[in-house]
Amino acid sequence: MNDIVTLTHRNVCKDGFTVEDTVDSVFLDLPAPWEAVDHAKKALRKDRTTRICCFSPCMEQVLRTVNALNDAGFTDITMYETLLRPVDVSHVPALQSIGEISEKLKQAERKREDKRLQQIAAGRQQSASKRKREDGTPVKDQPEQASEAGTAAGERKRLKTDEDASPVVPEPAQEMELDDREESGEATAGTTTLVPAGPPVQITPAKISLSKVMSEVRGHTSYLTFAILQPFSTPLETEPSTAAVTPAATD
């Protein structure tokens, strides 16, 4: 980088730059960039279009810089506001699938239904025991009442368990079947036992990344001012007149 970059420490607002009519662009990041505009104009090349950029954190600085650029002959003056807007990125647990949520809702609904049936059965037993007390009939023991109260719910659970349970061949029966084949002399080489596969398991990530743009700007705003310096046009040299001079006639 030594061949293309040169570092110099000096006060450009008072002493100017070390070069003249050499550079293609100038970038000023100064508290008072308007004081260095004239020196920057001297450093810019005059045979082509050159550019200048000034960085200022306050609008008052921008106004004074724009006035200095206009006075120095710069054109196409444009200002852009730069904002620092942070984005919050967080890792949150992955969202559950619709199937998992629906299954949980079904389970909650089944529990609610079982509880309702138990309450209905308990209410019926209480009303029956009350009538028996009024009629003088001996009331059944509490364990028998509790067993009768949970009969409906128990039957529902057993039915559900029987429906959900998939037929699985016990291992001893498989071993016995293999032993029978070996004793009968059947060839077992190349025989493959296919096990019915269950539903495909969907693997969900443990966490996912979410990004959210902050509503408030926490950084200090700033401004970039750009301008263009057009090349200077040299006036065309006037050619000497080649018209012949006619001498005055003499008598």
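Linking ILVMFWY residues whenever their side-chain heavy atoms come closer than 4.5 Å, directly or via other members, places Phe17 and Leu44 in the same cluster. Following chains of ILVMFWY side-chain contacts shorter than 4.5 Å, one cannot reach Ile52 starting from Trp34, and the two form parts of different hydrophobic clusters. Note on Val23 and Phe226: separate hydrophobic clusters, where clusters join Ile, Leu, Val, Met, Phe, Trp and Tyr whose side-chain heavy atoms are under 4.5 Å apart, directly or indirectly. Both Met79 and Val26 belong to a common hydrophobic cluster when Ile, Leu, Val, Met, Phe, Trp and Tyr are linked at side-chain heavy-atom distances under 4.5 angstrom. Phe55 is not connected to Met59 by any chain of hydrophobic side-chain contacts under 4.5 Å among Ile, Leu, Val, Met, Phe, Trp and Tyr, and they are in different clusters.
In this structure, His39 and Cys13 approach most closely via the heavy-atom pair NE2-O, 3.4 Å. Listed here is the closest heavy atom pair of Pro33 and Leu28: O-CD1, 3.8 Å. Contact record, Val37 with Ala72: CG1-CB, 3.9 Å, taken as the closest heavy-atom pair. Closest non-hydrogen pair, Ala36 versus Leu30, comes out as CB-CD1, 4.0 Å.
No side-chain heavy atom of Asp21 sits less than 4.5 Å from a side-chain heavy atom of Lys42. Contact annotation: the side chain of Gln61 never approaches that of Tyr223 to less than 4.5 Å [non-hydrogen atoms, C-beta and beyond]. Between Thr6 and Thr18, the closest side-chain pair of non-hydrogen atoms is not below 4.5 Å. Counting heavy atoms from C-beta on, the side chains of Pro231 and Asp47 never come closer than 4.5 Å.
Counted within 6.0 Å of CG on Leu105, heavy atoms from surrounding residues, nucleotides or ligands total more than 12; the atom is thus considered enclosed.
Looking at Asn70, Ile228, Thr65 one by one, the single match for side-chain contact (heavy atoms from CB on, under 4.5 Å) with Ile77 turns out to be Asn70.
Going from atom CD of Glu100 over to atom NZ of Lys104 covers 7.0 Å, rounded to the nearest 0.5 Å. Atoms CG and OG1, on Asp76 and Thr49 in that order, are 9.5 Å from each other to the nearest 0.5 Å.
The pair Arg110-Glu113 does not meet the salt-bridge criterion, since no charged nitrogen lies less than 4.0 angstrom from a carboxylate oxygen.
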Practice task
Could you walk me through whether Glu109 and Arg112 pass the salt bridge (Lys or Arg N to Asp or Glu O under 4.0 Å) test, one step at a time?
Solution key: CA-CA 5 Å; Glu109 187 65 24; Arg112 192 181 299 108; 2.5 Å; yes
Exercise for the section: Before giving the answer on salt bridge (Lys or Arg N to Asp or Glu O under 4.0 Å), spell out for Arg45 and Asp24 the whole-Å C-alpha distance, their side-chain angles and the decisive distance to 0.1 Å. Expected result: CA-CA 6 Å; Arg45 300 179 62 172; Asp24 296 320; 3.7 Å; yes
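A donor-acceptor pair is defined here as one N or O able to donate and one able to accept, closer than 3.5 Å; such a pair exists between the side chain of Lys46 and the backbone of Lys41. Under a 3.5 Å cut-off, the side chain of Ser25 and the backbone N or O of Arg51 do not form any donor-acceptor pair. Not one N or O on the side chain of Ser127 forms a donor-acceptor pair closer than 3.5 Å with the backbone of Gln125.
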